[in-house]
Amino acid sequence: MDNLIILSSVTQSMKARDILKSNGITSKVHRIPAYKGKGACSYGLIINKDIEKALEILKDNEINVVGRA
Amino acid sequence: MIYLDNGATTFPKPKSVINSVNFALKNGANPGRGGHRLAVKSSEIIYNSRKTLANFFNINNPENVIFTLNCTEALNIIIKGVLKSGDHVVISSLEHNAVLRPIEKLKKRGVSCTIAEAVERDNEKTLNNFRNAINEKTRLVVCTYASNVFGIKLPVERICALCHQYGILTCVDAAQAAGVVPIDLSDSSIDYLCLAGHKSLYGPMGTGALIINTDTIPDSLIEGGTGSSSDNYNQPEILPDRFESGTQNFIGIAGLSSGIKFVNSKGVLNIYKKEMDFIKKTYFEFKKTDKIILYTEEPDINFNVPVLSFNIDGVDCETVSDILSEKFNIATRSGLHCAPLAHKSYDTIETGTVRIVPSVYTTENDINSLLYAVNKIK
């Protein structure tokens with residue numbers, strides 16, 4: 001699945017989720033499996049729709065996206 | 001018991017706090033560690049607690065709210081994380097041992113310190129004393145928002161604004177003020193705000209917070225597991241993980257969030273005015289008799305928080321507290337209150353004082369009972 005955004009911590013994930021929600025994008029906080037050495041013990045968001053728009057919004061809000069899976 | 005030792009911790013706690021603690025105990029998995037439903041639910045509770053604190057002190061980023069065990073830990077993070085050998089720090093003459101002791105330790109590692117005298121009712125003189133204490137090596141100023149012994153409020157915003165003119169970082173110990181005095185960090189020169197969760201924020205003991213209101217992030221005090229980037233041998237840089245190693249006091253934090261909501265429901269200013277009225281009444285009644293020794297000027301909401309220290313002439317303070325407790329069922333705290341500097345400033349280092357601090361739950365009857373009891377002792 002390519003709709004998993006990896007973030008640096010559970011706090012960042014929840015903050016990102018709230019920002020996306022206020023912009024009309026639904027997401028769900030999810031534990032990330034170890035992925036190419038990144039995101040071992042990390043959290044992220046599952047986003048089923050408008051993922052590119054979500055990434056733009058997060059970038060505008062200075063949320064550091066570590067990767068995608 | 002008539003409880004007037006709220007400067008040590010508030011008692012009782014609101015029902016909502018007790019309910020939150022019970023809920024967390026029954027439903028709590030370790031937040032920020034696993035991916036199962038219970039762990040995520042716990043993480044939500046912690047995150048919402050961060051947001052509650054962030055809103056209460058008016059900052060935008062909940063990740064800048066770092067949960068600590070108490071105000072002492074928050075102060076240690078800043079003092080030890082900011083100051084390096086060769087640095088100079090300025091503190092006030094009213095500081096608690098939570099500030100004084102870490103600095104005493106750092107003095108052995110090449111940090112120097114100047115104490116700026118806090119002048120009661122004269123903010124200009126106090127500010128001038130801080131100005132004169134600063135030198136070219138001053139890296140940090142640490143000051144209490146209000147004395148835990150004598151209730152004197154420092155002009156912290158002006159002190160911090162002065163520091164920023166010189167590029168000096170500022171740390172405020174708000175243990176005795178948060179929850180009873182409105183504190184708004186949105187337009188503030190306070191860089192680091194250190195809080196006790198268990199005093200006027202009505203959270204359980206074992207809670208505190210550090211709010212970082214600057215881009216200058218100190219070195220970490222404790223390193224360990226954060227539930228994030230576990231493949232990295234180094235402590236994470238990101239907030240709040242940098243300062244939250246090991247399992248957090250989840251149950252306490254859940255309670256603290258409810259405590260803040262409780263304070264919001266009452267209104268900080270309403271609490272402040274009510275408690276100050278009790279302190280003023282006590283002061284005025286005490287002043288009528290020569291046998292009661294008072295150390296400060298008449299309490300004023302512009303210059304004080306609701307804390308009052310006194311002594312009874314000819315009776316040592318610990319005996320007064322003992323009689324109040326055993327004979328009259330009134331709880332107070334006597335001695336030096338972990339604040340030798342404050343007592344030195346007011347010349348009570350040899351005697352100590354009896355301290356009373358009301359809370360939201362204090363009633364007019366409680367104060368009348370205190371007055372009756374003190375009258376009987378003298």
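The analysis underlying the following values was restricted to heavy atoms, covering all of them including side chains, and did not include hydrogens, waters or symmetry mates. Keep in mind it's a predicted model, so treat the numbers as computed, not measured. In what follows, chains are A, B, ... by sequence order, proteins preceding strands, each numbered from 1.
The closest donor-acceptor contact from the side chain of A:R31 to the backbone of B:V40 lies at 3.5 Å or more, if one exists at all.
By number of non-hydrogen pairs under 4.5 angstrom with chain A, the leading residue of B:R50, B:K51, B:E44 is B:E44.
Listed in order of number, the residues of residues 70-79 of chain B that approach chain A to under 4.5 Å between heavy atoms amount to none. Among residues 9-19 of chain A, the residues having any heavy atom closer than 4.5 Å to a heavy atom of chain B are, in sequence order, A:S9, A:V10, A:T11, A:Q12, A:M14, A:K15, A:R17, A:D18. Among residues 20-29 of chain A, no residue has any heavy atom closer than 4.5 Å to a heavy atom of chain B.
Of the inter-residue distances, the one linking B:S43 atom OG with A:Y43 atom OH reads 5.0 Å to the nearest 0.5 angstrom. We find the OG-CD distance between A:S8 and B:E63 to be 9.0 Å, quoted to the nearest 0.5 Å.
Contacts of B:P236 with chain A are absent, with no heavy-atom separation under 4.5 Å from either backbone or side chain.
With sequence neighbours excluded, the residues satisfying side-chain contact (heavy atoms from CB on, under 4.5 Å) with B:E223 are B:S220, B:Q235.
For CG of A:D60, the number of neighbouring non-hydrogen atoms (other residues, nucleotides, ligands) closer than 6.0 Å is greater than 12.
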